[in-house]
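Please read the structure below before turning to the comments.
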Amino acid sequence: MQPLPKKYKFNEIEQKWQQIWEDMGIYHFNWNDTTKPVFSIDTPPPYPSGEFHMGNILNWTYFDMLARYKRMRGFNVLFPQGWDCHGLSIEVQVEKMHKIRKHDIPPDKFRSLCEQLIEKYIALMKESILKLGCSIDWTTEYRTMDSDYWRRTQLSFILLHKKGYMYQGKHPVNWCPRCETAIADAEVDYEKRKSSLSYIRFPLKNSSKYLIIATSRPEFIPACVAVEVNPKDERFSKYIGKEIVVPIVNRTVKIIADKAVDPDFGTGVVMICTFGDKEDVKTVMKHKLPIIRIITDDGKINKKGGKYSGLKINQARIAIVEDLSKEGLLEKEEKLSHEVGVCDRCKTHIEILEVKQWFMKTRILTNDVIKTANEVVWYPEYMKTRLIDWAKSLDWDWVISRQRVFATPIPVWYCKDCNQTIVAEEKWVPIDPKLTDPLIEKCPKCGSKAFVPEKDVFDTWMDSSITCAVHAGWPDRADWKRLFPADVHPSGIDIIRTWAYYLMVRHLALFNQTPYKSCLINGMVLGSDGRKMSKSLKNYVAAPDVLGKYGSDATRQWAAAGGATGSDIPFRWPDVEYGRRFLVKLWNVSKFANRLLQDFAPNKKSQLELQILDKWVLSKLANLTQKVTQAMENSQFNVALEEIRTFTWHVLCDSYVEAVKDRLYRPEIHGESQKEAAQHTLFNVLYKVLKFLCPIIPHLTEEIYQAMFADFKKHKSLSLASWPQSIPNFIDEEIENNGDMIIALITEVRREKAEKRLPLNAPIKTLTIYTKDSRTTEIFKEGAFDISGTCKVENLKVLAKKGRGKPVTDYPEVQFKTEL
RNA sequence: GGUCGGUUAGCUCAGUUGGUUAGAGCGUACGGCUUACAUCCGUAAGGUCGCAGGUUCGAAUCCUGCACCGACCA
C-alpha cells in the first residue's frame with residue numbers, strides 16, 4: 001500500500017490518468033471479444049462550433065458515466081466519437097471571415113477553407129472532451145466531411161433510392177435567400193420581428209366598390225392569385241365567387257372562402273400569394289390555384305414582378321407601397337409585431353419558394369415512427385411525446401438537397417440530351433459528380449455520352465442520421481448487427497425533432513428496424529438565473545473556465561447532480577464548489593484509512609470478529625449498493641451521486657470512522673482482533689465507495705485505488721473492476737436499527753457537550769446507560785468501546801433498569817447520565 | 001398559439017409505486033484547531049410542500065380548476 005501525499009492536486013492527477021488510460025487503450029471496444037455482452041452508445045457527433053459549453057459538459061458527462069458504469073457491469077462498451085462537420089453555419093462563418101460569397105471562388109477551394117476552420121474547431125473541442133476525462137474509444141474517431149464518410153452517406157441514399165424513398169420533385173420549400181438554399185422545417189427558427197400591416201383597396205370587378213385587404217407582405221401583390229374570406233363572415237359572404245382586381249398588376253382573381261381565415265385579423269380579407277407563408281401553400285394546393293413565383297434565389301424580385309424586377313424584397317415593398325399610395329389605394333398602415341420564420345443559421349427572413357429538390361418520403365413512415373417510439377425506452381418517459389408529436393405535425397416530406405458547397409455531394413447525374421436521372425451505383429461511392437462522370441459508357445435511355453452533374457449537396461442531417469448503423473460498423477463489418485440497434489441514443493431535448501427523428505426514419509427505411517433501444521434525454525443548461533444560458537443575457541459560463549478552475553471530477557459532479565435526467569439544469573458555481581469539497585473529503589478519509597491500514601493484509605483469512613458498528617456500516621453499504629445500482633440502471637445520476645455522497649460523508653466519515661478510531665489507535669486496550677475487524681470493514685467499505693464513484697469521479701478514485709488497492713485487487717485500472725454486487729443477504733435490518741440506536745446515543749452525548757459548551761474531546765468520567773431490557777443492554781455492551789472511544793468515556797456502565805437519566809431522542813426507553 | 005415541465009426551508013434543489021415527526025447542499029446562529037480533514041467537526045433555528053376544491057382511513061405524491069415561472073416548438 002503506497003502512502004498518499006497530504007494534499008492532492010487535481011490538475012496533475014487528472015492529466016496523469018487521462019494520459020495513462022489512453023496509453024493503456026483500456027477504453028477501446030474489443031471487436032474480438034465475443035464472451036461479454038456488448039453495449040453501444042450512439043454518441044451524437046457534435047457540430048464543431050469551436051466552443052465547448054456547459055451543455056456539452058452535461059452531455060459528455062452523461063455519456064461517460066454510462067460508458068464507465070456499463071463497463072464495470074461487464075459489458076464490452078462501444079463509446080465512439082465523431083464530428084458532424086458539414087453545414088451552413090461554417091459556410092456562413094467562412095464567408096464572413098474571408099469576405100466572400102460561395103460563388104466567388106471554386107467549390108473545392110471553398111470546401112478547403114471550411115475544412116481548415118472545422119479542424120481548428122475540432123481541436124478546441126477535443127481538448128475539453130479530453131480534459132473532462134471521457135472514456136472514449138478514440139480509434140473510432142471520424143469526420144463526416146471525410147470521403148470515407150461520404151461513402152456511407154451516399155450509399156445510404158442509393159439504397160433508399162432503390163427502395164423508392166428518394167424522389168426529386170417541385171414542391172414549395174423553406175428558402176433562405178441569403179444562404180441561397182432550401183432548408184428543412186427543422187432549420188427554421190421563429191423570431192418576433194417588427195413590421196407593418198398594410199391596408200390596401202382591391203377594386204371589385206365591374207364595380208366602383210372595393211374590398212380592403214390587410215397584408216404584411218405587400219411586395220407579393222404581383223404574385224396574388226386569390227383573395228380569401230372566412231365563409232362564416234357575414235360581411236363578405238355575398239362576394240364569395242365574385243372577381244376582384246389586383247392592383248399594380250391589374251389582374252383579375254377570384255374571391256374564395258376558407259375557414260382558415262381569421263375574421264378578426266386585419267379586415268378579415270386576405271390575399272393569397274404564392275407563397276407568402278406555409279398557410280398559403282395549403283390554400284394554393286387545396287384550391288388548385290396557379291403558381292406565380294416572383295422571387296429569385298437570392299431574394300430579389302424577378303421578371304414577373306414587372307417594373308419592380310431586380311429590386312430586393314425590402315426595396316420592392318417600399319416601392320409598391322409608395323405606388324399604391326400614389327394611386328390612392330393605400331388605406332392605411334399599422335405597426336405590427338409578429339413572429340416570422342428565419343434561417344436558424346443566419347437569421348434571415350425565409351421565403352417559401354417552389355423549387356426542384358430531392359426529398360425523402362418520410363411521412364409514409366409516420367405510423368412506424370410512432371409505433372417504434374413507443375417501443376423505445378425513454379429516460380425520462382414523457383419525452384417520447386415530443387418525438388411522436390413532431391412526427392405527426394409534419395406537413396411536408398423531408399427536403400434533403402441543399403444548394404450549398406460544404407456538404408456531401410448528391411451522387412447523381414442527368415443525361416444532357418434526354419435529362420434521364422442517373423443515380424450512382426453502390427460500388428462507385430464515394431464520388432463527387434461535379435468532378436467525376438458516371439462510370440457508365442452512355443445514357444441507358446438515349447445513348448448519349450454527355451452528362452450534367454447534380455450540383456446540389458445533402459442536408460447535413462443526411463450524414464448524421466445514420467450514426468447508429470455507422471457506429472456499429474455498417475456497411476463494412478459483417479458483424480455490424482451485433483452493435484445495432486444502439487443500446488442508447490443520448491440526445492438533447494432540443495434535437496429530438498431532428499436527431500432522434502431523422503435517425504428513426506432513416507434506419508426504419510433502410511433496415512426496417514429501430515436505430516436505438518433507448519433514448520436518454522438531457523435538458524438544457526440554464527444560467528444561474530434560471531434563464532437559458534446565453535452571452536447576450538450575460539449569464540454565460542464557458543466550460544474551459546470551469547474545468548480550469550475546478551477540474552473534471554468536481555465539474556462532473558455538477559453535471560451528475562444538477563437535476564433529474566431530462567430536466568433543465570442551471571449552472572451553479574456552488575454545486576461545483578461542493579463537488580470539490582467532497583473530493584477533499586474523500587481524499588482525507590482515504591489518507592486516514594491509508595495510514596491505519598498500512599499493517600493490514602486484506603487477503604489474510606483470519607477469523608474476523610466483526611463488531612456491531614462494523615456490521616452496521618456493512619449493512620448500510622449493502623443498502624446503498626441496491627439504491628445506487630437501481631439509480632444507475634435508470635440513468636438517475638443525481639440520485640446515485642446523492643446517495644453515495646451522503647453515505648460517504650455522513651455514514652462512513654462522520655459516524656463510522658469516528659466510532660472506530662479508538663479501536664484502530666489503541667489495540668493494546670481493545671485487542672488486536674477488534675482492530676482487524678475495523679480495518680477489514682474500512683478497507684472494504686472504502687473500496688466499494690470508490691467503485692460507486694468511479695463512473696462519476698474517475699480520476700481521484702483511480703488515484704486512490706492505485707495507491708491503496710491495486711496491489712491487492714490487481715486491476716490495471718479501477719474502471720476495469722466489477723461493479724459491486726447487490727447482495728440482499730448483507731442487509732440486516734436489526735443490525736441497522738441497533739447501530740442507529742448506538743449512533744443516536746453518541747449524538748445525544750455530543751449534544752450534551754455542546755449544550756455545556758464543552759469541546760467534543762472533553763473526557764467523561766462515567767457514562768451510565770439505562771435500558772429497558774437485557775437485550776438492549778447487550779446491544780450497548782457490544783458497542784461499548786466504540787461509544788466510549790468516540791465520546792472519550794473513561795468508565796461506561798450499561799444497566800438494564802430504569803434510571804433518572806436523560807432520554808435519547810427517538811429511543812425514549814434508553815436513558816443516559818454523564819459524570820464529568 | 002401548441003407541447004412538455006416546474007412551483008417544497010432565506011437561496012438552489014431531491015422526494016421511486018399515496019403510509020410514522022417532509023430531506024440535502026449553501027446560507028444563518030452558537031460551540032469546538034478532537035493524533036484524516038478548519039476546504040473540517042458538533043449542535044441548533046428555519047417549511048400550513050403555489051392557490052382553491054375533490055378522491056381516500058390517510059395526499060408534497062392521485063384527480064379537477066386557477067395563478068405564476070420556464071424550456072422546447074409552431
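Letters go in sequence order (proteins before strands), and every chain restarts at 1. Small disclaimer: the values here were computed from a predicted structure and weren't measured.
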For [N], give its Watson-Crick or G-U wobble partner with both distances under 3.5 Å, or none.
| N | answer |
| --- | --- |
| B/U64 | B/A52 |
| B/C37 | none |
| B/A29 | B/U43 |
| B/G58 | none |
| B/C4 | B/G70 |

Quick one about [Y] and [X] (side-chain donor to acceptor, distance below 3.5 Å, no hydrogens or angles considered), yes or no?
| X | Y | value |
| --- | --- | --- |
| A/Asn623 | A/Lys620 | no |
| A/Thr766 | A/Glu794 | no |
| A/Lys384 | A/Asn374 | yes |
| A/Asn594 | A/Gln2 | no |
| A/Glu633 | A/Tyr69 | yes |

Whole angstrom is fine here: how far is it from [atom1] in [X] over to [atom2] in [N]?
| X | N | atom1 | atom2 | answer |
| --- | --- | --- | --- | --- |
| A/Tyr550 | B/U39 | OH | P | 14 Å |
| A/Phe582 | B/C40 | CZ | P | 13 Å |
| A/Leu526 | B/G6 | CG | P | 15 Å |
| A/Trp587 | B/C37 | CH2 | C1' | 13 Å |
| A/Lys6 | B/U39 | NZ | P | 11 Å |
| A/Glu643 | B/U16 | CD | P | 12 Å |
| A/Leu387 | B/C72 | CG | C1' | 14 Å |
| A/Lys384 | B/C73 | NZ | C1' | 20 Å |

Counting side-chain heavy atoms from CB outward, which of [options] is closest to [X]?
| X | options | answer |
| --- | --- | --- |
| A/Arg751 | B/U39, B/C40, B/A44 | B/A44 |
| A/Arg386 | B/C41, B/A14, B/C72 | B/C72 |
| A/Arg595 | B/U35, B/U39, B/C37 | B/U35 |
| A/Lys7 | B/C37, B/U39, B/C13 | B/U39 |
| A/Met524 | B/C41, B/C37, B/C72 | B/C72 |
| A/Leu760 | B/C41, B/U3, B/C73 | B/C41 |
| A/Arg580 | B/C72, B/U39, B/U34 | B/U39 |
| A/Lys661 | B/C41, B/C37, B/U39 | B/C37 |
| A/Thr385 | B/C37, B/G42, B/C4 | B/C4 |
| A/Asp568 | B/C41, B/U39, B/A71 | B/A71 |

Can you check the distance between [N] and [M], where both ends of the measurement are the [atom1] atom (answer in whole Å)?
| N | M | atom1 | answer |
| --- | --- | --- | --- |
| B/A60 | B/C51 | P | 12 Å |
| B/G23 | B/G47 | P | 14 Å |
| B/A22 | B/U16 | C1' | 15 Å |
| B/U7 | B/G50 | C1' | 6 Å |
| B/C62 | B/A74 | C1' | 32 Å |
| B/G10 | B/G19 | C1' | 31 Å |
| B/U17 | B/G6 | P | 12 Å |
| B/U8 | B/G25 | C1' | 15 Å |

Using a 4.0 Å heavy-atom cut-off across all strands, classify [X] as base, sugar-phosphate, or nothing.
| X | answer |
| --- | --- |
| A/Asp575 | nothing |
| A/Lys591 | sugar-phosphate |
| A/Glu658 | base |
| A/Val657 | base |
| A/Thr747 | sugar-phosphate |

- Message: Once you measure the plane-to-plane angle for A/Trp461 and A/Trp499, does it fall in the parallel (<30°), tilted (30-60°) or perpendicular (>60°) bin?
- Response: perpendicular
- Item | 5′-ward residue of the pair A/Asp494/A/Asp654 relative to RNA chain B | A/Asp654
- Message: On RNA chain B, compare the nucleotides closest to A/Lys792 and A/Pro570; which residue's is nearer the 5' end?
- Response: A/Pro570
- Query: Is any side-chain nitrogen or oxygen of A/Lys753 closer than 4.0 Å to OP1 or OP2 of B/U34?
  - Reply: no
- Query: Can you find a side chain N or O atom of A/Arg666 that sits less than 4.0 Å from OP1 or OP2 on B/U35?
  - Reply: no
- Message: Before you tell me yes or no, could you show the steps for A/Phe683 and A/Phe709 under ring pair (Phe, Tyr, Trp, His ring centres under 6.0 Å), namely the whole-Å CA-CA distance, both residues' side-chain angles and the distance that decides it to 0.1 Å?
- Response: CA-CA 9 Å; A/Phe683 183 88; A/Phe709 299 94; 4.8 Å; yes
- Message: Name the residue from A/Asn11, A/Val576, A/Thr555 that meets the side chain to side chain contact (heavy atoms under 4.5 Å, CB included) definition with A/Leu547.
- Response: A/Thr555
- salt_bridge(A/Lys675, A/Asp599) N-O dist < 4.0 Å: yes
- Note on the structure: Once base and sugar-phosphate atoms are separated, protein heavy atoms under 4.0 Å mark nucleotides 21-30 of chain B, 5' to 3', with B, S and - as B---SS---S
- Test: A/Lys6 cationic atom under 6.0 Å from A/Trp587 six-membered ring centre, within 45° of axis: no
- Message: Quick check against the 3.5 Å criterion: does A/Gln557 have a side-chain atom that pairs as donor or acceptor with the backbone of A/Asp575?
- Response: no
